[in-house]
Protein chains: 2
Amino acid sequence: MKRDEQATAKKREIVQHAFDNFYDGGFHATGVDTVMADSGISKRTLYKYFPSKEDLIDAVLDHYGEQIEKTLFETVLRSCSDPREQILKCFDLRRQILQDSPLRGCLGLKAAQEFAGRHEALATHGKHIAFVVDDWFVDACQRGRFAQPEVLGKQIATLFQGAVLLSQVYGDTSPFDPARQAAGTLMNEAATLVAEA
Amino acid sequence: MKRDEQATAKKREIVQHAFDNFYDGGFHATGVDTVMADSGISKRTLYKYFPSKEDLIDAVLDHYGEQIEKTLFETVLRSCSDPREQILKCFDLRRQILQDSPLRGCLGLKAAQEFAGRHEALATHGKHIAFVVDDWFVDACQRGRFAQPEVLGKQIATLFQGAVLLSQVYGDTSPFDPARQAAGTLMNEAATLVAEA
DNA sequence: GCTTGGGTATACAGATCAGTTTACACTGTC
DNA sequence: GACAGTGTAAACTGATCTGTATACCCAAGC
């Protein structure tokens, strides 16, 4: 393996471990030593790739954002073309991703919570992911030609984020059942309104 | 003022300040020194009333739980008798409580997030408040004789908690608008199902 | 008026954590 | 085979945080 390939591979590996460590233990409460021990790398190497803990957290949030955008939304867009089905599939796929570790919630919101008023750059980075989710559902509702797509999109996004959150509280993904069903009901209602008009 | 009265008053005062400090800054990231400085008390006094930071956090969570149960739910129950109106009023009142500081989210969920896998007692205490919210909405839906009250109650609770959460992200309480509206739509639908049966 | 409980101020111990530095080992390239 | 780049291991600095201990102050109650 070439030097630069090795470097990016190592970097990815560190981010992957840090991702799990921060996700499970929180950003403040998890020390860089934990990440080091878990990744099996020395402190010097860690600080070579990531000049500060802040940089590492930033990379972890990027990784999470990509997971949401690529693994969730892009997969859903490829799987079917009907916006209504896409929205419901979003609930199913998010639930599946969360299945193995339902206690973790949303890392973006976790960052937004922990860094609010303390480190605005990282808080904003975390919030950005929540905005992406909101926007995606609004966009899907517009493509589906529902009545009041902005309102409906935000309603579904609220159900979606609420289900992720409550999965953390309940320790399982059962909150996705009523949330997904509610999304369906709201879409039916919005479709009826359009048909009547 | 008698000694014991003074003592409980002082304790309440400390809890009130600690409540704001932890709410704004997080439990891990906020030191007892911050609480001391903000309350204007010495470290010795703090540790006389609360033998450890854990005890202080526990008292703060109790305070928050009481605020939710008394200031929110009991007030709503007194204000009107129709369960449907009570549920909608819940959204309005929660929004009003959050109005001055919409960035804070739910303290119970904050505790559940921060202490998950690190301090189970406090994590459970935080989660308990979320369960209370869930149960209250399910109970209200049962009193309202809606179809599938358990499902509807959990759907409304998901919207409610999601709105609190997204208010934090958006920095204002605007997410309550679509969430409240969605709760109304879902209740209409459930009432129609009952009427048809 | 003296004691006693409650208070402040502050220094301190012990732990933890971010980040730096030093010393040393391995490996691909010329 | 020398060398530069990359890695580990580990000691160390300085800051921060929880919790304790010491010394002193004030006001209520007998």
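Order of the sequence lines sets the chain letters (A, B, ...), proteins ahead of strands, with each chain counted from 1.
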Worksheet item: According to the interplanar angle, ranging from 0 to 90°, do the rings of B:Trp136 and B:Phe73 count as parallel (below 30°), tilted (30 to 60°) or perpendicular (above 60°)?
Response: parallel
Worksheet item: Does atom CD of A:Gln16 have more than 12 heavy-atom neighbours from other groups under 6.0 Å away?
Response: yes
Worksheet item: Any chance the side chains of A:Ser52 and A:Asp55 put a donor and an acceptor closer than 3.5 Å?
Response: yes
Practice prompt. Would you kindly compare B:Gly40 and A:Thr30 by the position of their nearest DNA chain C nucleotide and give the one closer to the 5′ end?
Written response: B:Gly40
Worksheet item: Quick one: is D:dT8 close enough that its OP1 or OP2 comes under 4.0 Å of any side-chain N or O from A:Thr45?
Response: yes
Worksheet item: Relative to the ring of A:Phe91, is the ring of A:Phe160 parallel (under 30°), tilted (30 to 60°) or perpendicular (over 60°)?
Response: perpendicular
Discussion item. What verdict does the side chain to side chain donor-acceptor pair (under 3.5 Å) test give for B:Gln99 and B:Thr173, after you've listed the backbone C-alpha separation in whole Å, the side-chain angles of each residue and the deciding distance to 0.1 Å?
Written reply: CA-CA 7 Å; B:Gln99 196 73 267; B:Thr173 58; 3.1 Å; yes
Discussion item. Please report the distance, rounded to the nearest Å, between OH in B:Tyr49 and C1' in C:dG5.
Written reply: 10 Å
Worksheet item: Whole-Å distance between D:dG19 C1' and B:Glu54 CD?
Response: 14 Å
Discussion item. Given D:dA23, D:dG19, C:dA18, identify the nucleotide with an atom nearest to the side chain of B:Arg44.
Written reply: D:dA23
Practice prompt. Establish whether the base of D:dG19 is bridged to the side chain of B:Lys43 by a donor-acceptor pair shorter than 3.5 Å.
Written response: yes
Response to the item:
Taking C:dG7, C:dC17, D:dT18 as options, the one with an atom nearest any side-chain atom of A:Asp33 is C:dC17
Practice prompt. Rounded off to whole Å, could you give me the CG-to-C1' distance for the A:Leu122 and C:dA18 pair?
Written response: 15 Å
Worksheet item: If you measure from the Lys or Arg side-chain nitrogens to the Asp or Glu carboxylate oxygens, is any gap between B:Lys127 and B:Asp134 under 4.0 Å?
Response: no
Practice prompt. Starting at atom CG of A:Asp55, determine the distance to atom C1' of C:dG19, rounded to an integer number of angstrom.
Written response: 13 Å
Practice prompt. Please state how far atom CE in B:Met36 lies from atom P in D:dT16, giving the value in whole angstrom units.
Written response: 15 Å
Discussion item. Side-chain N or O of A:Tyr47 versus OP1/OP2 of D:dT8: is the shortest distance under 4.0 Å?
Written reply: no
Worksheet item: C:dG5 C1' sits how many Å from B:Lys48 NZ, rounded?
Response: 7 Å
Discussion item. Just N and O in the side chain of A:Ser52: are any of them under 4.0 Å from OP1 or OP2 of C:dA18?
Written reply: no
Item to complete: Could you label the plane-to-plane angle of the A:Tyr64 and A:Tyr23 rings as parallel, tilted or perpendicular, counting under 30° as parallel and over 60° as perpendicular?
Response: perpendicular
Practice prompt. Work out how much the helix from C:dG1-D:dC30 to C:dC30-D:dG1 bends between its end axes, five pairs an end, to the nearest 10 degrees.
Written response: 10°
Worksheet item: Atom NZ of A:Lys11 and atom P of D:dT6: how far apart are they, to the nearest Å?
Response: 13 Å
Practice prompt. Whole angstrom is fine here: how far is it from NZ in B:Lys10 over to P in D:dA27?
Written response: 13 Å
Item to complete: For B:Thr34, report the nucleic acid contact type (base, sugar-phosphate, nothing); a contact means any heavy atom under 4.0 Å.
Response: nothing
Worksheet item: Between D:dT18, C:dA18, D:dT8, which nucleotide has the shortest distance from any of its atoms to the side chain of B:Lys53?
Response: D:dT18
